[in-house]
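Predicted model only: the values in this text are computed from it and were never measured.
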Amino acid sequence: MNVGAFVCSCADTCDIDLEGVRDGVRDVEVVASSSHLCDDGLPAMAHLIEEYDLDQLLVTTPEGRCQDAIRETAVEGGLHPEATAFVDHREGAAWVHDSAAATEKTARLLNARRESLDHEPISRTVSRDAGDVVVVVGDAETAAALADTADVTLVANGRDFDDADADLGDVSLARGRVVDVVGEYGDFELELRARVTEDCISCMDCVREGPDGMVTRSPVDIDPDAPDGEWADCCPVDAIDLDGVTRTVEADQVIFPGATGTARGGQIGLYTGPVDGATIAAVEDLLGGITKPQHLDLDMEVCAAGESSQPGCNACVDACPHDAVDRPYVDEVEFDPVACQDCGACTSSCPTGAVQLRDPSNERIAREVETLLDPGTDDDGGLLGGLRGGDAAIDTPVVAFVCSERAEDALRRYGRLAREDDDVRYPPILPVGVDCTDTVGEPHVMHALAAGADGVAIVGCGGDCLHSGPDPKAELVRRLDRATGDLGLGERVTFLAPDPAEPRAFVQDLSQFVVELDPTPVPAGDHEATGTVREDKPNPPFNSHDWTLESVRALLDHVEPNREVIRGLTDFGWMEVSDACNLTPTCSTLCPTDAIRRTDDADLEFNHEDCVNCGLCEEGCPETAITMHDGLDLSKLPENREGERWETVYEGEMRACVRCGKPFASEGTAEHVAGEVGELVEGVAPKSEHSVFDYCAECRAVLLFEEGGR
């Protein structure tokens with residue numbers, strides 16, 4: 001892939017050193033600059049596209065009009081319409097930082113974007129057919145607005161639409177109150193409960209005879225609190241049923257403004273809360289079906305959800321804010337790729353790599369982080385050469401995982417405000433775009449620190465998050481600061497929610513965070529993640545558990561931990577086994593990562609390096625002998641045990657067959673079985689000097705045959 005990088009100063013409104021940026025950009029065929037790239041610089045760009053046979057462009061401009069002009073030039077030069085990528089050097093750098101920092105940051109951003117090009121996935125889509133049936137609950141205006149494009153049913157839900165100020169001529173009215181809504185986009189069911197049956201002919205007798213204000217006219221229905229009485233006998237078709245009747249209404253989409261208990265971030269096809277023009281547009285866009293990008297890669301062979309009807313890890317189900325993950329059975333999880341909203345909550349919580357985001361993938365994020373932090377070497381001869389030697393304009397590198405929805409927009413607004421007000425300027429953080437900060441978990445943060453970041457800022461929506469709700473990362477920050485403290489690094493993680501209307505709070509919080517950071521002892525540019533622990537593991541690279549462990553190991557080369565057990569890392573656990581253990585094979589059978597095994601000597605062994613702390617062994621142990629503890633115990637890793645991955649957590653004793661001498665069961669298991677069924681088999685081998693439980697299965701069969709086939 002031939003890549004060209006183009007840098008612009010936006011008619012000299014960006015105080016950056018164009019030559020300095022050019023010198024700092026790496027791994028491209030050509031890098032050029034212009035003071036007005038989207039105008040005077042376009043002919044030169046066209047010439048370079050042809051001269052260097054470029055098929056990918058990296059361009060510094062956040063302005064939509066300029067981007068359109070550059071894309072047009074690229075297409076005229078034979079490039080694909082999507083073969084131009086843009087970097088925000090203006091609102092995100094030159095307008096909020098001083099010239100030196102903006103220059104350096106722009107070069108770093110271009111290098112990171114260049115690296116990410118090698119990790120863009122092949123495009124894939126998912127689809128689902130759906131009809132045009134829309135149920136609207138209690139909102140006549142919305143039902144009327146959709147009636148021209150959809151088959152709309154308006155559920156009264158206790159309201160009377162007799163005098164509604166909306167044209168309901170093409171809308172079906174349904175009586176009753178909503179009891180429940182279940183299903184998914186294209187296949188919803190609403191359970192309605194009413195006190196008037198569908199035999200009603202709307203004669204209005206019950207309205208006239210019933211309690212004042214407790215019987216609606218359109219549609220006719222009776223308030224659940226209306227008292228019994230002779231008036232209920234007035235219906236000429238016996239349509240009144242004061243005990244209540246239920247029926248089901250089917251829909252492809254549902255608008256239910258007053259609903260509660262729905263998915264935190266909303267469910268595709270089910271709209272709750274205030275209704276506006278965007279809601280109407282979203283409903284109309286989904287009429288007939290949907291085709292959308294496939295956001296997830298799944299490898300359910302390594303899933304730790306459960307085994308043999310035993311529930312295990314439930315992290316993805318708990319994390320998903322859109323009801324896109326479900327448990328069809330107690331030991332399985334199931335993903336709905338159409339309902340997925342690309343927030344990444346399931347992927348950051350999954351320890352095994354069973355589910356991962358396709359774009360940005362964890363590997364792509366890792367490479368962007370490493371490139372942003374890489375200062376280069378003196379041999380590079382460019383801007384970034386030897387930055388750690390004291391020449392760096394960004395002397396406190398902080399990686400910022402920035403939500404690409406509201407948080408990114410807020411930072412762009414800050415950049416525009418900074419053109420008028422220097423108080424809006426903030427420290428030059430190094431941004432990595434993510435679809436939502438739900439994507440960010442412990443491996444992302446630990447990797448950034450292992451790559452040489454002084455600190456990590458998770459920059460999201462806060463209380464306005466479209467997915468997870470208020471302060472979605474407060475608990476993650478607390479855990480990771482505990483982990484970095486245990487590792488001897490001190491607290492190095494923060495969560496920030498920039499308010500577009502109040503930039504000074506963000507500036508103050510970020511500035512204080514950066515000022516309080518001590519220089520990291522970890523050199524930048526030395527660590528390149530593989531995302532794996534061992535090549536023989538079946539888990540895909542960059543799964544949370546392995547990626548985190550790899551990063552911790554990289555950190556340990558440069559720090560002195562304060563504790564042996566690193567707290568706050570939830571993807572790691574260590575096992576404690578009580579004397580109640582009978583060495584039944586349940587735990588080793590259930591373990592999804594084969595981190596538990598029983599030896600021929602009846603010992604139970606545990607591999608802390610592979611344990612993902614799913615809890616299946618503890619949940620499934622029939623003797624409740626297992627207790628799992630959270631945390632990464634450094635002393636249990638093989639590098640601290642002369643390379644030995646396995647440790648004995650319970651020493652058992654095997655019972656040997658009195659006939660052939662072969663060990664056939666643990667003493668605990670044999671005694672347990674004898675205690676359970678001993679009375680039932682008493683006397684089956686009266687001539688034997690030993691109990692039938694002292695024989696292995698083969699010898700027991702021979703013994704019984706010899707004694708008459710009992």
Side-chain angles (χ1 to χ4, degrees), residues 1-25 28-52 54-97 99 101-117 120 368 402 404-420 424-425 428 430-433 500:
M1 179 168 58
N2 294 336
V3 181
F6 297 86
V7 189
C8 183
S9 64
C10 294
D12 296 327
T13 61
C14 295
D15 188 13
I16 59 174
D17 178 356
L18 295 179
E19 182 178 356
V21 175
R22 292 200 309 269
D23 289 342
V25 176
V28 296
E29 269 56 49
V30 62
V31 56
S33 62
S34 170
S35 65
H36 199 181
L37 185 61
C38 62
D39 191 344
D40 298 343
L42 290 178
M45 174 184 286
H47 173 74
L48 291 173
I49 290 173
E50 180 179 3
E51 179 181 356
Y52 287 89
L54 301 180
D55 46 28
Q56 176 72 51
L57 306 184
L58 298 176
V59 186
T60 62
T61 178
E63 185 64 35
R65 185 191 67 80
C66 300
Q67 291 179 356
D68 291 341
I70 291 166
R71 283 196 190 96
E72 184 177 347
T73 299
V75 170
E76 290 174 354
L79 274 68
H80 188 276
E82 300 298 322
T84 304
F86 299 99
V87 166
D88 178 10
H89 70 309
R90 193 173 71 181
E91 284 95 331
W95 288 358
V96 288
H97 311 315
S99 177
T103 300
E104 181 182 321
K105 182 173 179 178
T106 300
R108 289 183 186 245
L109 290 173
L110 284 166
N111 288 334
R113 191 67 183 91
R114 168 64 186 91
E115 180 66 30
S116 73
L117 294 175
E120 292 184 344
E368 287 193 30
V402 181
S404 64
E405 297 190 55
R406 296 179 180 174
E408 186 177 83
D409 289 342
L411 294 185
R412 288 199 63 192
R413 183 169 190 273
Y414 292 176
R416 293 190 294 273
L417 292 174
R419 288 284 287 165
E420 308 170 20
V424 183
R425 292 177 171 246
L430 303 173
V432 177

Please list, chain by chain and in numerical order, all residues satisfying side-chain contact (heavy atoms from CB on, under 4.5 Å) with [X], sequence neighbours excluded.
X	result
T61	V59, E63, C66, Q67, I70, F86
H47	E51
V30	L48, Y52, L54

Would you give the length of the straight line joining atom [atom1] of [X] to atom [atom2] of [Y], rounded to the nearest 0.5 angstrom?
X	Y	atom1	atom2	answer
C10	D15	SG	CG	12.5 Å
E50	M45	CD	CE	14.5 Å
T13	R90	OG1	CZ	6.0 Å
L18	C8	CG	SG	7.5 Å

- Mind checking what makes salt bridge (Lys or Arg N to Asp or Glu O under 4.0 Å) contact with R425, not counting sequence neighbours?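 Once residues adjacent in sequence are excluded, the partners of R425 under the salt bridge (Lys or Arg N to Asp or Glu O under 4.0 Å) criterion are D422.
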- Task: Return the set of residues passing salt bridge (Lys or Arg N to Asp or Glu O under 4.0 Å) with E19 (not counting sequence neighbours), or none when no residue passes.
- Result: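 If we apply the salt bridge (Lys or Arg N to Asp or Glu O under 4.0 Å) test to E19, skipping adjacent residues, there are no hits.
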Mark yes or no for whether [X], through its side chain, and [Y], through its backbone, hold a donor-acceptor pair below 3.5 Å.
X	Y	value
N111	A107	yes
R413	P500	yes
E29	V3	yes

For the residue pair [X] and [Y], what are the closest heavy atoms and their distance?
X	Y	result
A418	W95	CB-O, 3.0 Å
S116	E368	CB-OE2, 3.3 Å
G20	T103	C-CG2, 4.0 Å
A85	Q56	N-NE2, 3.7 Å
P431	K105	CD-CE, 3.6 Å
P62	R412	O-NH2, 3.3 Å

Would a 4.5 Å heavy-atom cut-off, applied to side chains only, mark [X] and [Y] as touching?
X	Y	result
T60	L37	no
L117	L58	yes
D55	M1	yes
D409	R406	no

- Pick from T106, L110, L109: which one makes a side chain to side chain contact (heavy atoms under 4.5 Å, CB included) with H89?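 When side chain to side chain contact (heavy atoms under 4.5 Å, CB included) is applied between H89 and each of T106, L110, L109, only T106 qualifies.
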- Task: Say whether T84 and R71, considering side chains only, have a donor N or O and an acceptor N or O under 3.5 Å apart.
- Result: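 No - no donor-acceptor pair under 3.5 Å links their side chains.
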- If you measure from the Lys or Arg side-chain nitrogens to the Asp or Glu carboxylate oxygens, is any gap between E104 and R108 under 4.0 Å?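 Yes.
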- Message: Does I49 form a side chain to side chain contact (heavy atoms under 4.5 Å, CB included) with L57? I'd like the steps, not just the answer.
- Response: CA-CA 9 Å; I49 290 173; L57 306 184; 3.9 Å; yes
- Return the set of residues passing ring pair (Phe, Tyr, Trp, His ring centres under 6.0 Å) with H97 (not counting sequence neighbours), or none when no residue passes.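 Residues passing ring pair (Phe, Tyr, Trp, His ring centres under 6.0 Å) with H97: Y426.
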